[in-house]
Amino acid sequence: MLQQKNLFQFIFMLFILSACQSNKEGSNSANQETNFADSLNNIQIDTSQASAIIKELYYKNPEYISIKYIDKKPIIICALLDGSGIYGNSTINVIENFANNWQETKHVTIEYGHDIQNFEWITVQKKELLYFDYVVPGGSMGNGEVDFGLYDYTINKYYNLQFSGMFRNGDKQIDGGFNNIDSLKDVPEILQALEFKASKSDIIYRPSNEDLNIDNPKNAVKKFLLDNPNLHEDLKIRRGYYQDFKITKYSGEATKFFHDYLSSPECEISNDKYSVYSLLKSYVICFDKNGNYYFIVWIPFTTYDWVTKMDLTPENILTLNDRWNNTPEFVIDLNELKIKCISSKDYH
């Protein structure tokens with residue numbers, strides 16, 4: 001009986017020792033796994049190191065660099081110029097570390113984004129997205145576009161809100177409207193975030209009360225078109241017949257505005273009563289020497305049709321020549337404020 005009891009105690013002790021050893025091994029295994037994770041996540045880099053990594057991968061200097069830590073692991077996001085010239089594209093590249101090896105995991109092309117600005121992270125619906133914007137220059141007509149973009153690196157998707165129109169204020173701002181609002185309405189949080197960023201942008205021209213004043217000399221073109229509706233169409237239809245047109249006289253302080261504006265005209269001509277100036281891609285304006293005031297007499301059909309040659313008789317009959325073939329195109333009677341088209345060209 002005593003032997004059986006001793007045998008039972010011996011077997012029980014073996015069981016306890018075995019369980020302790022198993023727990024110890026399990027604990028060591030967990031610690032080892034934890035150490036693996038800590039080792040993999042214990043990577044710290046700065047901007048200069050990220051730049052070196054980018055240059056090694058792409059043989060290019062990055063336009064922008066952002067280092068983001070996700071679950072303690074760093075990712076590098078950079079903007080790279082892809083192509084050349086004002087219409088070159090850019091790419092947004094995501095670079096991640098796996099087993100101590102940096103490699104690209106995804107990228108997206110930003111069409112015409114040759115000059116990305118304002119790289120920054122913003123939070124949208126508890127999700128961090130990369131914001132940036134860029135200006136796309138237009139053609140010779142002076143138009144352009146500014147794009148406001150958000151990049152979601154988790155799904156490698158780029159959202160952009162476009163605003164296009166005509167450059168003004170020395171090409172520093174764009175006067176126009178948004179093009180693709182409807183395409184973003186299925187992601188309202190994204191649209192709202194981009195609308196907020198656009199609302200703070202200095203690139204978008206927003207008229208002041210002074211700008212909205214139709215009598216302001218800066219709005220002389222709008223005033224002429226408002227006072228002479230359908231003048232262009234009537235001249236195209238009724239060739240060779242005079243059409244009346246209305247003018248606005250700009251005198252007093254307004255003369256200083258036009259005097260400064262007319263410092264470098266495309267061409268000019270004078271007689272005893274008038275000095276006439278044609279501006280590049282703009283209007284034809286007269287200065288009445290006796291009355292000491294300016295007034296617009298012609299606004300071209302298109303930006304490409306500005307006047308490069310004029311004739312003015314002593315009787316105050318002004319002839320504007322076609323810029324393309326230098327033949328007489330419009331005749332303006334400055335005494336009666338009448339204009340007629342004498343060209344046979346096909347206007348579109």
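The chain is numbered in sequence order, starting from 1.
Aromatic ring pairs are classed by plane angle as parallel below 30°, tilted from 30° to 60° and perpendicular above 60°; the pair Tyr294 and Tyr277 is tilted. The aromatic rings of Tyr274 and Phe295 sit perpendicular to each other, their planes meeting at more than 60°, with 30° as the lower class boundary.
Sparse packing is recorded around CG of Asp272, with 12 or fewer heavy atoms of other residues, nucleotides or ligands lying under 6.0 Å away. Dense packing is recorded around NZ of Lys127, with more than 12 heavy atoms of other residues, nucleotides or ligands lying under 6.0 Å away. Taking a 6.0 Å sphere around OH of Tyr347, one finds it holds more than 12 heavy atoms contributed by other residues, nucleotides or ligands.
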Pairs of donor and acceptor atoms involving the side chains of residues 188-201, under 3.5 Å and at least two apart or interchain, shall be tabulated with distances.
unit_1, atom_1, unit_2, atom_2, d
Lys197, NZ, Glu120, OE2, 3.0
Ser199, OG, Phe196, O, 2.5
Ser201, OG, Ile203, N, 3.1

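Between Asp175 and Arg168 a salt bridge is recorded (basic side-chain N to carboxylate O distance below 4.0 Å). Between Lys68 and Glu128 a salt bridge is recorded (basic side-chain N to carboxylate O distance below 4.0 Å). The existence of a salt bridge linking Asp288 and Lys273 is confirmed by a sub-4.0 Å separation between a basic side-chain nitrogen and an acidic carboxylate oxygen.
A cation-pi contact, defined as under 6.0 Å to the ring centre and within 45° of the axis, links Lys157 to Tyr159.
Counting side-chain heavy-atom gaps under 4.5 Å among Ile, Leu, Val, Met, Phe, Trp and Tyr, the cluster of Tyr242 also holds Ile317, Val331, Ile342. Applying the under-4.5 Å side-chain rule to Ile, Leu, Val, Met, Phe, Trp and Tyr, the cluster around Leu280 extends to Trp306.
Judged as a ring pair (Phe, Tyr, Trp, His ring centres under 6.0 Å), and not counting sequence neighbours, the contacts of Tyr153 are Trp121. Remark: Lys222 engages no residue in a salt bridge (charged side-chain N to carboxylate O under 4.0 Å, His left out) (not counting sequence neighbours). Residues meeting the salt bridge (charged side-chain N to carboxylate O under 4.0 Å, His left out) test with Lys236, sequence neighbours left out: Glu233.
Ring centroids of Trp298 and Tyr283 are separated by 6.0 Å or more, keeping the two rings apart. Less than 6.0 angstrom separates the ring centroid of Tyr158 from the ring centroid of Phe132. Here the two rings, on Phe258 and Tyr250, have centers that are under 6.0 Å apart.
Between Ile285 and Val276, the closest side-chain pair of non-hydrogen atoms is not below 4.5 Å.
Summarising the geometry, atom CD belonging to Glu210 is positioned 4.5 Å from atom NZ belonging to Lys218; distances are rounded to the nearest 0.5 Å.
Side chain to side chain, Ser164 and Asn179 meet the donor-acceptor criterion of an N or O pair below 3.5 Å.
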